[in-house]
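If you're wondering where the values come from, they're calculated on a predicted model, not measured in any experiment.
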Amino acid sequence: MELLHKFPLLVPQNIDKTIYQGYVTLQGKHYQLRVVMVAPGTMKGATISCSWELKQLLRDCTNTLTQRLEESENLEAFLMELQHIMTKKTKQEGVQQPAEYYNRLLNEIESLGWEKLVYIAPDFCELHLVASDARNRQHLLKIRITPEVSESRQ
């Protein structure tokens, strides 16, 4: 039952609960995953398959993943390890946003006025804007855009 709470988009595909399919979520992005276990509750001999996007993210980690798969006590423990590895990889490589994200961001800046933009981070996740109040005092606004925020605006 704990598995369902931590990974609600990954569901059993058979009554024995040896095959799970669905999605693991990281930073608001869903990655397709399928896990096939030899016997319920054990990860020994289990296999995983995943979307091309997740394969690309984890391409340097196949040995580590195989080891974690064999050593994990159960599916939940393996998925927690997988999520940890995915988090480390996304921090190393930086996950790119879809083109719509950048288009929307540019439109928002356009509507605010380019003259108010002071700084934009190379990953486009942080903006610094300048705003003037009624007494003409200038204030620097630092805005951090998380993947969750950008997705909720779609």
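Scored by the side chain to side chain contact (heavy atoms under 4.5 Å, CB included) test, His128 finds Val118, Tyr119, Glu126, Leu140, Lys142 as partners (sequence neighbours excluded). Residues passing the side chain to side chain contact (heavy atoms under 4.5 Å, CB included) test with Ser132, sequence neighbours excluded: Asn136, Gln138. For Thr66, there are no side-chain hydrogen bond (donor to acceptor under 3.5 Å, both in side chains) partners two or more places apart in sequence or in a different chain. Val11 is linked by a side chain to side chain contact (heavy atoms under 4.5 Å, CB included) to Gln13, counting only residues two or more places apart in sequence or in another chain. Remark: Arg137 engages Asp133 in a salt bridge (charged side-chain N to carboxylate O under 4.0 Å, His left out) (not counting sequence neighbours). Remark: Ser72 engages no residue in a side-chain hydrogen bond (donor to acceptor under 3.5 Å, both in side chains) (not counting sequence neighbours). For Gln32, the side-chain hydrogen bond (donor to acceptor under 3.5 Å, both in side chains) test picks out no residue, with sequence neighbours left out. With sequence neighbours left out, Glu70 forms a salt bridge (charged side-chain N to carboxylate O under 4.0 Å, His left out) with no residue at all.
No donor-acceptor pair closer than 3.5 Å links the side chain of Glu81 to the backbone N or O of Leu65.
Enclosure of atom CG in Asn107 by more than 12 non-hydrogen atoms of other residues, nucleotides or ligands within 6.0 angstrom is indicated.
Under the 4.5 Å side-chain criterion, counting only non-hydrogen atoms from C-beta, Val35 is in contact with Met43. Counting heavy atoms from C-beta outward, Ile48 and Phe78 have side chains that approach closer than 4.5 Å. Side-chain contact check for Met80 versus Phe7: some heavy-atom pair is nearer than 4.5 Å. In this structure, Lys29 and Glu53 have side chains that are in contact, with non-hydrogen atoms separated by less than 4.5 Å. Two residues are said to be in side-chain contact when any heavy atoms from C-beta on lie closer than 4.5 Å; Met86 and Leu82 meet this criterion.
Residue Trp52 shares its hydrophobic cluster (ILVMFWY side chains chained together at separations under 4.5 Å) with no other residue. Membership of the apolar cluster around Leu9 extends to Tyr23, as traced through chained side-chain contacts below 4.5 Å between ILVMFWY residues.
Pairing each heavy atom of Ile85 with each of Cys61, the nearest pair is CG2-SG, 3.9 Å. The two residues Gly41 and Met37 have their closest heavy-atom pair at N-SD, 4.4 Å. Closest of all the heavy-atom pairs between Leu141 and Ala131 is CD1-CB, 4.0 Å. Nearest heavy-atom pair across Lys89 and Leu57 is CE-O, 3.1 Å.
Here CG of Leu129 is found 10.5 Å from CD of Glu115. Values are rounded to the nearest 0.5 Å. In this structure, Leu33 CG and Leu10 CG are separated by 6.0 Å, a value rounded to the nearest 0.5 Å. Note that the CD atom of Gln56 and the OG atom of Ser51 stand 9.5 Å from one another [nearest 0.5 Å].
Pairs of residues two or more places apart, or lying in two chains, that qualify as side-chain hydrogen bond (donor to acceptor under 3.5 Å, both in side chains) and include a residue from residues 33-48 are Gln21-Arg34. Residue pairs meeting the salt bridge (Lys or Arg N to Asp or Glu O under 4.0 Å) criterion with at least one partner in residues 12-22, sequence neighbours excluded, are absent.
Hydrophobic clustering places Ile120 together with Ile143 (ILVMFWY residues linked when any side-chain heavy atoms are closer than 4.5 Å, directly or through intermediates). Criterion: ILVMFWY side-chain heavy atoms under 4.5 Å apart, direct or through other members. Under it, Leu117 and Leu106 are part of a common hydrophobic cluster. One hydrophobic cluster, built from ILVMFWY side chains closer than 4.5 Å, cannot hold both Leu69 and Val36; they sit in different ones.
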